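For reference, the structure discussed in these notes is given below.
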Amino acid sequence: MTRRRPTVKHRHPSSAAFLASGLCYAANCALGTAVAARLIDTKRFRWVHHALYIATVSTTIVALVTGIRSDRRAALALSPSLVPLAIIPYAGTRTRRHPAIALAAAPFIVAGVAISRRSR
């Protein structure tokens, strides 16, 4: 009698990139919301929000590049998120435009993550 290895469903590497993009975006939104609600004071470490923004943009680009090669549907769903992510540095931080533009990326990031998780 031979032993059989259990079959394991492997996710494609692009799925991890999409998930990383979504997690960076969620962390950045959570920090921004906490600062806006005055739950956290980041005057001494504003760089954290900027670093999370850079991580969000970077992981989104990585997800798009890997998605184009392996999961085009997820990449197409995620790609419009680059527009608000590119505009956000030019929106004032003390106005309502900043969170509105940041939230404009949410549906596309969620769609990209969801489609990449369903694929494969």
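Bear in mind the structure is a predicted one, so any value in this text is a computation, not a measurement. Atoms considered below: every heavy atom in the structure, side chains included; atoms not considered: hydrogens, waters and symmetry mates.
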(Q) Any heavy-atom pair between the side chains of Thr42 and Val48 that's under 4.5 Å? (A) no
Which atom pair, heavy atoms only, marks the closest approach of [X] to [Y]?
X: Tyr53; Y: Pro89; result: OH-CG, 3.2 Å
X: Thr95; Y: Gly92; result: OG1-O, 3.3 Å
X: Phe45; Y: Ile40; result: CZ-CG2, 4.4 Å
X: Ala75; Y: Ile68; result: CB-N, 3.8 Å
X: Arg117; Y: Ser15; result: NH1-OG, 3.3 Å
X: Ala91; Y: Ile101; result: CB-CD1, 3.6 Å

Rounded to the nearest 0.5 Å, how far does [atom2] of [Y] lie from [atom1] of [X]?
X: Ile87; Y: Arg97; atom1: CD1; atom2: CZ; result: 11.0 Å
X: Leu23; Y: Thr59; atom1: CG; atom2: OG1; result: 8.5 Å
X: Ile109; Y: Cys24; atom1: CD1; atom2: SG; result: 9.5 Å
X: Leu103; Y: Thr33; atom1: CG; atom2: OG1; result: 7.0 Å
X: Asn28; Y: His49; atom1: CG; atom2: NE2; result: 4.5 Å
X: Phe108; Y: Leu82; atom1: CZ; atom2: CG; result: 11.0 Å

- prompt: Would you say Tyr25's side chain and Ala102's backbone share a donor-acceptor pair under 3.5 angstrom?
  reply: yes
Do [X] and [Y] belong together in a cluster built from hydrophobic side chains that touch within less than 4.5 Å?
X: Ile61; Y: Phe18; answer: yes
X: Val62; Y: Val65; answer: no
X: Val35; Y: Leu52; answer: yes
X: Trp47; Y: Ile54; answer: no

Exercise for the section: Would you sort out whether Leu78 and Ile115 count as a side chain to side chain contact (heavy atoms under 4.5 Å, CB included), showing the intermediate values? Expected result: CA-CA 9 Å; Leu78 181 66; Ile115 292 169; over 6 Å; no
